[in-house]
Number of protein chains: 2
Amino acid sequence: MKPEEEILRYIAQFTTLSQGEAEDIVKTIKVKAFKKGAFLLKEGQVAKLCYFVLKGCVRQYFLVDGEERTTNFYTEGQPVTPYGGTFRQEPSKYYLSCLEDTIVTVGSPEQEALFFAKFPRLESVSRLAIEEELGKSQDQLSTFILSSPEERYRQLLATRPDLLERVPQYHLASYLGVKPESLSRIRKRITIKAD
Amino acid sequence: MKPEEEILRYIAQFTTLSQGEAEDIVKTIKVKAFKKGAFLLKEGQVAKLCYFVLKGCVRQYFLVDGEERTTNFYTEGQPVTPYGGTFRQEPSKYYLSCLEDTIVTVGSPEQEALFFAKFPRLESVSRLAIEEELGKSQDQLSTFILSSPEERYRQLLATRPDLLERVPQYHLASYLGVKPESLSRIRKRITIKAD
DNA sequence: TGATTTTATTAACCAAAGTCAATGACGCGC
DNA sequence: GCGCGTCATTGACTTTGGTTAATAAAATCA
């Protein structure tokens, strides 16, 4: 599958596309490649663009007392919406950094308007997608906040095992809200129990 | 201010209303009162309605091993959207219970359609509001998840001091992801440090 | 009001995460 | 291959939250 077609799979979750529409969409979207280590967004910048990951991995984090706190990993097939698709005016507190060479689609409010003019049917799809993201975000909040770090790690293991392969452990630790040393101990505890 | 007018304040965040529109909206919306302890939604029910708090306080929680885990408190001026305004088909895992005598507006998909037919301008307002909620939810996720319980308590103290007055501490503890005994100790630690 | 229930605090002890420091393992460039 | 930096693990010790149980304080209601 070409990376560009990843976005068709995403849209297909919400509606059915004709062959013509699909080809048209692939032709219309703007695609951009980033090198490992590149930033899609830095703290203080106003987010003018939004993204959708076709290939690679983007890490979202912010700084507290100079320390990075990872809040999300976006991989193939995920929309990168640090602010829920809203194009806010305020400068962002988040960084978006590529952990691998990454290919994304790029959207701006202007392109969005053109896109919806061309594919009006997809405007409601967009709304659905945002509501879906909100639901996920709230579920994540409720299941994550009230779990222990070990439970959170097991949860991650169950839902996104790919991340354990491709993301350094100290970033995962930050994502789980613990120090790298603790994650190391958690992993040890689990493998011992598994005997 | 009449409770009904709370919703005008909310809408005013996103757009400007004429005097006529404002009066019309207040006349159109459906208002309902609940007694302390009443449920807006119970686990297993399919959420067919959404709410907006005019007066009072609603607690959202779900059960894990028979234990309540509080995920949100909704007070005056907040939309109650356990699933991002979406009317999902699935039965909810959440309870919505009134901590005080509470007055809310009630919305259904049908009423929503009628409402938007009458005030077409407000459909985009609704979209903005949902995106706003998503932004808030993601911010909450990032600031809460990666903080210690003590930091979370300080955060709550700073952002929603009203809750400390009106909500029993053991519900706050559940919301912060700790046991009531721990919250008690955290409070003690903080008052000692404050000397 | 007094009695009863509900909610909050405190203490003692245990388990788990933080901190600091040292050591290993691995990858990368030279 | 060697050296270097990055990342992961381990150990000793501290801090913090969970657990259990007892007690105190506050709210509720007859």
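Numbered from 1 within each chain, the chains take letters A, B, ... in sequence-line order.
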Please confirm whether the shortest side-chain N or O distance from [X] to OP1 or OP2 of [N] is below 4.0 Å.
X: B:Arg189; N: D:dG17; answer: yes
X: A:Ser182; N: C:dG18; answer: yes
X: B:Arg185; N: C:dT9; answer: no

message: Go through it in stages, so that I can follow the logic: the residues are A:Arg9 and A:Glu6, the test is salt bridge (charged side-chain N to carboxylate O under 4.0 Å, His left out), and I'd like the CA-CA distance, side-chain angles, deciding distance and then a yes or no.
response: CA-CA 5 Å; A:Arg9 239 209 281 183; A:Glu6 186 79 48; 3.7 Å; yes
Whole angstrom is fine here: how far is it from [atom1] in [X] over to [atom2] in [N]?
X: B:Lys179; N: C:dT7; atom1: NZ; atom2: P; result: 16 Å
X: A:Glu151; N: D:dG18; atom1: CD; atom2: P; result: 12 Å
X: A:Arg187; N: C:dA25; atom1: CZ; atom2: P; result: 15 Å
X: B:Ile190; N: C:dA8; atom1: CD1; atom2: C1'; result: 16 Å
X: A:Ile186; N: D:dT9; atom1: CD1; atom2: P; result: 12 Å
X: A:Glu67; N: C:dT19; atom1: CD; atom2: C1'; result: 12 Å
X: A:Glu181; N: D:dT15; atom1: CD; atom2: C1'; result: 15 Å
X: B:Tyr153; N: D:dT16; atom1: OH; atom2: P; result: 16 Å

- prompt: Passes salt bridge (charged side-chain N to carboxylate O under 4.0 Å, His left out), B:Glu23 versus B:Lys27? Steps please.
  reply: CA-CA 6 Å; B:Glu23 284 170 15; B:Lys27 262 184 266 170; 5.4 Å; no
Nearest heavy-atom pair of [X] and [Y]: which atoms, and what distance?
X: B:Leu40; Y: B:Tyr51; value: O-OH, 3.4 Å
X: A:Lys36; Y: A:Asp101; value: N-OD1, 2.8 Å
X: A:Val106; Y: A:Gln111; value: O-OE1, 3.4 Å

query: Regarding A:Arg121 and the six-membered ring of A:Phe119, is the cationic atom NZ or CZ under 6.0 Å from the ring centre and inside 45° of its axis?
result: no
field: Among A:Gln60, A:Gln45, A:Glu43, the one residue meeting side chain to side chain donor-acceptor pair (under 3.5 Å) with A:Tyr95
entry: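 That would be A:Glu43.
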- prompt: What is the bend of the helix from C:dT1-D:dA30 to C:dC30-D:dG1 when you compare the axis at one end with the axis at the other, using five pairs each and rounding to 10°?
  reply: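 So the angle between the two local helix axes works out to 40°.
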message: Let's go through B:Glu76 and B:Arg160 carefully: what are the C-alpha distance in whole Å and the side-chain angles of both, what is the deciding distance for salt bridge (charged side-chain N to carboxylate O under 4.0 Å, His left out) to 0.1 Å, and is it a yes or a no?
response: CA-CA 12 Å; B:Glu76 287 80 8; B:Arg160 301 194 65 183; over 6 Å; no
field: Nearest-nucleotide 5' precedence on DNA chain D, B:Leu183 against B:Lys36
entry: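 Looking at the nearest nucleotide for each, B:Leu183 comes out on the 5' side.
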- prompt: What residues in residues 158-177 of chain B put a non-hydrogen atom under 4.0 Å from any atom of DNA chain C?
  reply: B:Pro168, B:Gln169, B:Tyr170
- prompt: Does the side chain of A:Thr70 come under 3.5 Å of the side chain of A:Arg59 through a donor N or O and an acceptor N or O?
  reply: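 Result is yes, a qualifying pair exists.
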